[in-house]
Amino acid sequence: MKNFLWWRDGVVYQIYPRSFADSSGSGIGDLNGITAHLDYLRDLGIDALWLSPINPSPDVDFGYDVSDYNGIDPKFGSMQDFERLVAQAEKRGIRIVMDLVLNHTSDQHEWFRQSRSSRDNPYRDWYMWHDPDEHGKPPNNWLSVFGGKGWEWDEGTQAYYYHMFYKEQPDLNWRNPEVRAAMLDVFRFWADKGVKGFRLDVFNVYFKDAQLRSNPFGEIARRPFDSQKHLYDYDQPELFGALADIRRVLDEYDETYAVGETFFSTPEKAAGYCGDDLLHATFNFDLLESRWNPGRYARLIESQYKTLGTHKWPTQVLNNHDTVRSATRFGHGEDDERLKVAAALLLTLRGTPFLYYGEEIGMRDIRLKRGQILDPIGKRYWPFFVGRDGCRAPMQWDASANAGFGDGQPWLPLNPDYTRRNVQNQSADAKSLLNFYKRLLALRRASAALTRGELTLLEGLPRDVLGYLRSAENEQMLVLLNFGDANQVIHLQASSLGWQVCLSSKPRIAAEHLAANITLAESEALILTKA
Ligand code: ISL
């Protein structure tokens with residue numbers, strides 16, 4: 001395809017490094033494990049790997065509490081291992097996207113150790129410190145989104161510091177120019193190593209209300225631990241300047257991308273953070289949060305278009321490391337047919353698709369007993385919320401001991417279905433979900449229409465069917481997705497005859513010409529092209 005722009009036309013695959021492949025026998029996945037599987041990823045047909053954080057971390061939040069932005073955690077390997085991964089990936093046309101967690105550091109980061117050591121330490125103002133009021137109380141009522149109070153009392157210096165997440169994750173003071181300069185250096189450090197993209201963890205909460213106003217209570221809790229309406233602890237105007245600074249640094253490098261994770265924001269605000277001098281894109285969790293309902297998806301597609309316009313580029317996500325896997329949400333028992341429809345949706349919509357390791361083989365969440373839970377929010381809020389371990393189980397490579405993940409006892413239990421559901425089995429089975437992903441990815445890669453084409457929803461389809469046209473550069477693709485469990489007859493307008501089969505999740509003859517009436521099988525994903 002001409003003018004291939006990786007972050008627009010390509011596909012990103014998220015790896016949770018602890019869980020992908022363990023080369024050392026420690027029970028924890030590592031960088032050399034990833035490097036060893038690069039051929040698999042190339043053959044799958046992806047363009048970039050987003051690695052959940054690999055910086056040194058005490059792992060209170062499994063890497064999302066960073067104690068050194070410019071290092072590699074020894075449990076994942078060395079800087080040489082990382083450099084080798086970047087080089088080996090590049091050889092296979094795969095770029096590396098780093099996850100930067102810049103809203104907060106670990107309380108073990110040297111900056112915070114300094115900051116809390118005394119009130120006149122040069123790093124004091126790098127974090128959000130506040131004196132107690134005359135009753136000894138913190139400045140406002142802000143809660144941590146992981147439960148409990150947001151302000152933590154520091155005995156040593158007799159002051160509070162703010163943490164939006166765990167108390168071991170103190171928030172940085174982004175209003176301090178030294179902090180901003182240090183953050184820009186982090187981008188430079190990794191871009192100089194050949195990293196081609198950055199995923200910015202909760203970037204829209206970097207700045208909080210300058211007046212530290214209290215948040216209103218009374219919202220219906222999204223989870224048992226969040227009863228506050230977050231009004232003043234995110235989406236502040238200063239953010240735009242900080243994003244523009246970041247973009248200027250990225251633009252000093254070749255095709256270097258930034259995708260931001262918004263938190264508690266609106267799609268309109270998320271779109272406002274994208275632009276030629278801001279972020280390239282922000283995550284859209286519409287698909288991930290939606291029910292299995294074609295009408296709902298149609299409305300989401302329309303509203304994405306409306307909020308982003310033609311210039312800003314969408315992202316499409318069905319899975320990540322914080323959410324119950326799509327196979328668990330949508331799968332019918334062991335059957336993967338619906339997951340093929342979901343895959344076709346993800347990979348034929350307008351926008352950059354993000355896959356999550358194991359999605360391509362339909363990995364289901366693991367179910368843990370209370371005593372096995374490792375995610376602190378799961379431990380704290382069980383049984384109302386069991387935490388996020390379920391979607392973080394070791395990758396299922398084959399049917400051998402530990403599913404081929406590694407020799408050591410894996411840090412989280414394997415899904416017992418690994419003896420059947422694994423990469424090796426699915427590679428050998430032409431009808432598997434894995435082979436469907438591969439065919440879809442190959443088709444998408446070769447098609448300007450499926451990547452950068454315009455999207456037009458089809459009207460007048462049966463209620464269970466979602467259909468849309470993608471068109472670009474004299475190429476047209478028609479996507480028909482049957483979300484239901486019964487056959488559906490689709491009547492194509494006479495003017496749009498001449499379609500032939502390009503790809504189907506059901507047995508069909510490739511290049512078969514279709515008549516005006518097409519019968520879609522139950523849970524069929526069908527992609528047609530103009531002959
Ligand atoms: O995982 C969640 C709760 O179930 C989300 O609300 C999550 O806290 C939110 O999407 C922000 O997530 C990001 O930042 C967190 C980290 O724990 C998540 O893993 C990360 O994706 C704090 O750094």
Side-chain angles (χ1 to χ4, degrees), residues 12 14-19 50-55 57-67 69 97-109 112 142-148 150 162-172 174 183 198-206 208 219 221-230 233-235 259-267 270 282-289 315 317-325 328-329 354 356-357 365 368 373-392 412:
V12 184
Q14 180 189 356
I15 287 182
Y16 197 67
R18 295 181 78 85
S19 302
W50 150 25
L51 308 179
S52 274
I54 54 174
N55 303 124
S57 165
D59 283 332
V60 170
D61 194 12
F62 295 109
Y64 287 87
D65 47 324
V66 172
S67 54
Y69 289 108
V97 174
M98 291 285 275
D99 199 329
L100 293 185
V101 188
L102 308 181
N103 172 66
H104 43 267
T105 67
S106 158
D107 63 351
Q108 301 306 308
H109 195 295
F112 190 70
W142 293 356
L143 296 176
S144 156
V145 298
F146 282 166
Y162 178 67
H163 58 93
M164 176 169 261
F165 298 92
Y166 298 122
K167 67 176 180 358
E168 295 86 354
Q169 294 170 302
D171 282 44
L172 284 155
W174 272 78
M183 290 315 181
F198 298 94
R199 177 261 187 194
L200 307 186
D201 191 64
V202 296
F203 76 94
N204 67 316
V205 306
Y206 289 172
K208 286 85 180 166
E219 272 280 288
R222 281 211 314 163
R223 296 166 299 202
F225 46 90
D226 196 11
S227 57
Q228 196 164 70
K229 185 170 161 68
H230 292 267
D233 45 4
Y234 72 119
D235 280 341
V259 55
E261 181 205 30
T262 50
F263 192 47
F264 289 132
S265 202
T266 62
T282 48
F283 278 123
N284 185 307
F285 294 138
D286 282 349
L287 294 187
L288 179 137
E289 284 163 0
T315 54
V317 185
L318 280 174
N319 288 288
N320 64 31
H321 63 291
D322 291 331
T323 316
V324 173
R325 285 178 176 272
T328 301
R329 301 194 317 265
F354 284 75
Y356 180 58
Y357 81 98
D365 273 36
L368 297 178
I373 292 176
L374 295 180
D375 185 14
I377 38 175
K379 284 186 189 165
R380 183 164 176 173
Y381 292 101
W382 187 93
F384 305 104
F385 182 67
V386 298
R388 301 164 290 179
D389 302 314
C391 65
R392 299 173 178 178
L412 270 179

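Order of listing sets the numbers, starting from 1, for every ligand and every atom in it.
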### Task
Using modelled atom types only, decide if a donor and an acceptor are shared between the side chain of D233 and the backbone of K208 within a distance under 3.5 Å.
no

### Message
As an exercise, identify every atom of ligand 1 less than 4.0 angstrom from a heavy atom of D61.
### Response
15 (C), 16 (C), 17 (O), 22 (C), 23 (O)

### Query
Just which atoms of ligand 1 are under 4.0 Å from any heavy atom in F146?
8 (O), 17 (O)

### Query
Does M164 have a non-hydrogen atom less than 4.0 Å from ligand 1?
no

### Message
I need the atoms of ligand 1 closer than 4.0 Å to a non-hydrogen atom of F385, numbered in the order shown.
### Response
4 (O)

### Message
Tell me if the aromatic rings of Y166 and H104 count as close, with their centers under 6.0 Å from one another.
### Response
no

### Query
When you look at F263 and E261, which way does the side chain to side chain contact (heavy atoms under 4.5 Å, CB included) test go after all the steps?
CA-CA 6 Å; F263 192 47; E261 181 205 30; 5.5 Å; no

### Query
Does a donor on one side chain sit under 3.5 Å from an acceptor on the other, for S57 and D65?
yes

### Message
Can you name the atoms of ligand 1, numbered from 1 with element, that are less than 4.0 Å from a heavy atom of H321?
### Response
18 (C), 19 (O), 20 (C), 21 (O)

### Summary
Paired with F354, the side-chain contact (heavy atoms from CB on, under 4.5 Å) test is passed by just one of V97, V259, L318, L288, namely V259

### Query
Which of the atoms of ligand 1 are close to R199, meaning less than 4.0 Å from one of its heavy atoms?
21 (O)

### Query
Side chains of Y357 and N319: do they bring a donor and an acceptor to under 3.5 Å?
no

### Query
Considering only heavy atoms of H104, which atoms of ligand 1 have at least one such atom less than 4.0 Å away?
22 (C), 23 (O)

